[in-house]
> 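Dropping a structure here in structure tokens format, bear with me for questions.
Reminder, nothing fancy here: chain letters follow the sequence lines and each chain counts from 1. Just so it is clear, the values below take in all heavy atoms, side chains as well, and ignore hydrogens, waters and symmetry mates.
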2 protein chains.
Amino acid sequence: MTVSRALKEGSRVSKATREKIMAAVNDLGYVLDQSAGSLSSRKTGFVAAIVPSINNSNFADTARGITDELESTGLQLLLGYTDYTAEKEEKLIEAMFRRRPEGIILTGGAHTERARRLLKSAGIPVVETWELPAKPIDQVVGFSNEEAMGLLVKTLARKGYRKFGYIGGTTSRDTRGSQRREGFIRAIEELGLPPGRLVSFGVPPISIEQGGQAVVSMLERWPDTEAVLCVSDLSAFGALMECKRRGMRVPQDIAIAGFGDYEVAAFCHPGITTVNVDCYGIGQQAARRLIQSIRGDEKQRRQEIVLTGYRVVEREST
Amino acid sequence: MTVSRALKEGSRVSKATREKIMAAVNDLGYVLDQSAGSLSSRKTGFVAAIVPSINNSNFADTARGITDELESTGLQLLLGYTDYTAEKEEKLIEAMFRRRPEGIILTGGAHTERARRLLKSAGIPVVETWELPAKPIDQVVGFSNEEAMGLLVKTLARKGYRKFGYIGGTTSRDTRGSQRREGFIRAIEELGLPPGRLVSFGVPPISIEQGGQAVVSMLERWPDTEAVLCVSDLSAFGALMECKRRGMRVPQDIAIAGFGDYEVAAFCHPGITTVNVDCYGIGQQAARRLIQSIRGDEKQRRQEIVLTGYRVVEREST
DNA sequence: TATTGATGTGGTATCGATAACATACCTTTG
DNA sequence: CAAAGGTATGTTATCGATACCACATCAATA
């Protein structure tokens, strides 16, 4: 028992005893077993986070934000990838719940029925991120993808563009992608512009290469398209490079915009107009709220929706 | 006990009992507690992996390879980032060992003395990746960064370039970066070319922006540089874009090459010559070897070094 | 001096699963 | 028909920590 105390911060053990214990610990190479500790104290020190993908996506930054925020708390992150499918998300939630996380961070608001049940009955704080779900489970840290894309359309319309095209992935699994497309369509309607041209290409997350291929099919079908908006900066970059490869001038012959403000969008030539959405901050805030709910007063825990900011970043591509 | 059996695959429980149990489980929303299971069975089902960073780096692909390979085995990945420092690695190893992982995958061969002790005394399989450490702890899945960079130099020298420059990060913390620089210097020596020009810029992982800034300082100091090799494709991309912004022709005025074969290198314009190193495969193979060591016969476990392939991919930038 | 409180240490039960063994019942086989 | 073997289920101890309570010691206070 004294050993257990000696190894915890801030418990009262005399200096002499602690030193003796530490010496023995070093000598033996003893390492505490947290599985046993978790079982006894009913605190696992785990936090679960589930993101669609971590490769070439904004979610890597969100994961990073979570990790950084968690670092000082001694909580361990359990990270999982859904590949943009709700089924895989359900499986991940189930697998992670076996580890008894003290809180969970999700991406988006689309979950299977079973997943919702699991989440609700687990009795731990849940934070949904990156969207504003219609029926939040608990807490939310995100923004409206629809409005953000709408703002981009309006910004470009103000510059005089009228014939808009949109490039996104093929399936509706990527709910944020779908929301952006909806926002695109709606904004164009509201502005009374000619209907937007939609090209769906590739399984989300759509790659640089697929962005290039998509813009080709866009131009084949609607050669007079003036501005192409893409579901992400990577596809926008692919589209941009493909256009340049074909000798088109950007933005004179065609304007291109992306979403997410990846580093590549800022430093490619020409720079890509995009929407900055503070991916890192989403992770940070989600983690912060989770920590508050876990460590803080039960009463203090309020179900709140945190709106994270976004802004259009205009560059040379439009 | 029968419940425990019913919830495991491949244990013998009568169909009727299993159904009754499953019904109750569904009814109650019961979820197995793996902390307790781990304690009892002395198998945690955890595998630890430590990478320098997961943002904009090849290691995201390696992590992905590990995750994919682990998926079917029921092992959970504990992922940590070192930010390229051995001290943080040591802390991570310590924190993760409290969770009693059944195996651990590391990046590189540079560890603190204490970390080496911990790793050796843990009695679990260890796989070092991405390098060929001089003193391997256990197993290795990697390649020689020195040779790979040397091959790139030789390939370009064969095309007629003679005045080479190298762009990398400022500190030696990034051991792979240092090894690549060493390979660069040595290859140039071997070829009897004029000494390479070295620019160190920014804390690893060096960004697109820093690549651009580095090439500027390279050209200020050595305006006649013919070919610039960069520690990674991202910095190469930044350098390329900066050169184009300044109206230079690539590769006529200056050739640029990177390392890592990121997607951006393939699809930017002009495409960037680089070294492809199968990041995903490194993760896959490391995980496979770990699984074999964990699940397989103790005798079958041999300390082996797996060389992963690399190849120079020539594109328009050289 | 007796009482109180602070401090440090030790004893015991417990967390929730599984390993290992025990038992009951049924089927097969010589 | 008895012995042997297979199948399904139950019993008990245990994994390694911590919660909770008990107790010893010593200083401060009434």
> Specify the separation, in whole Å, of atom CD of B/Q34 and atom C1' of D/dG16.
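Taking CD of B/Q34 and C1' of D/dG16, I get 17 Å after rounding.
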> Ignoring the backbone of B/R5, work out which of D/dT9, D/dC20, C/dA19 is nearest its side chain.
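Minimum distance to the B/R5 side chain belongs to D/dT9.
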> Between A/L39 (CG) and D/dG16 (P), how many Å, whole number?
12 Å
> A/Y262 and B/N56: side chain to side chain contact (heavy atoms under 4.5 Å, CB included), yes or no, with the steps?
CA-CA 10 Å; A/Y262 290 53; B/N56 300 321; 5.9 Å; no
> Rounding to an integer number of Å, can you tell me how far A/R42 CZ sits from C/dA13 P?
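It is 19 Å, rounded to the nearest whole Å.
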> Nearest to the side chain of B/M1, heavy atoms from C-beta on, is which of C/dG10, C/dC15, C/dA19?
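It is C/dA19.
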> Rounding to a whole Å, what distance do you find between A/E19:CD and C/dG8:P?
14 Å
> Nearest to the side chain of A/V13 - C/dT9, D/dA8, D/dG10?
C/dT9
> Output, in order, the C-alpha distance, side-chain angles, deciding distance and verdict of side chain to side chain donor-acceptor pair (under 3.5 Å) for B/E87 and B/T112.
CA-CA 7 Å; B/E87 290 69 34; B/T112 64; over 6 Å; no
> Which whole-number value in Å describes the distance from A/L32 CG to D/dG16 P?
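Distance, rounded to whole Å: 12 Å.
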> Between atom CZ in A/R100 and atom C1' in C/dA17, what is the gap in whole Å?
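In whole Å, C/dA17 C1' and A/R100 CZ are 11 Å from each other.
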> Taking the nucleotide of DNA chain D with the nearest heavy atom to each, does B/A16 or B/S41 sit closer to the 5' end?
B/A16
> For the side chain to side chain contact (heavy atoms under 4.5 Å, CB included) test, which of A/V51, A/V127, A/L119 pairs with A/L106?
A/L119
> A/F46 vs B/F46 aromatic rings, parallel, tilted or perpendicular, using cut-offs 30° and 60°?
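Plane angle between 30° and 60°, so tilted.
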> B/R98 has an atom CZ; how far is it from atom P of D/dG16, in whole Å?
17 Å
> Start at the 5' end of DNA chain D and walk down; is the nucleotide closest to B/R18 or to B/S40 reached first?
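Looking at the nearest nucleotide for each, B/R18 comes out on the 5' side.
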> When rounded to the nearest 0.5 angstrom, what is the spacing between CD in A/Q76 and OG1 in A/T44?
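The distance works out to 10.0 Å.
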> What is the distance, to the nearest angstrom, from the NZ atom on A/K43 to the P atom on C/dG16?
15 Å
> Hey, is the side chain of B/S35 poking within less than 4.0 Å of OP1 or OP2 on C/dC15, counting only N and O atoms?
no
> Which nucleotide sits closest to the side chain of A/T17: C/dT9, C/dA19, D/dG10?
C/dT9
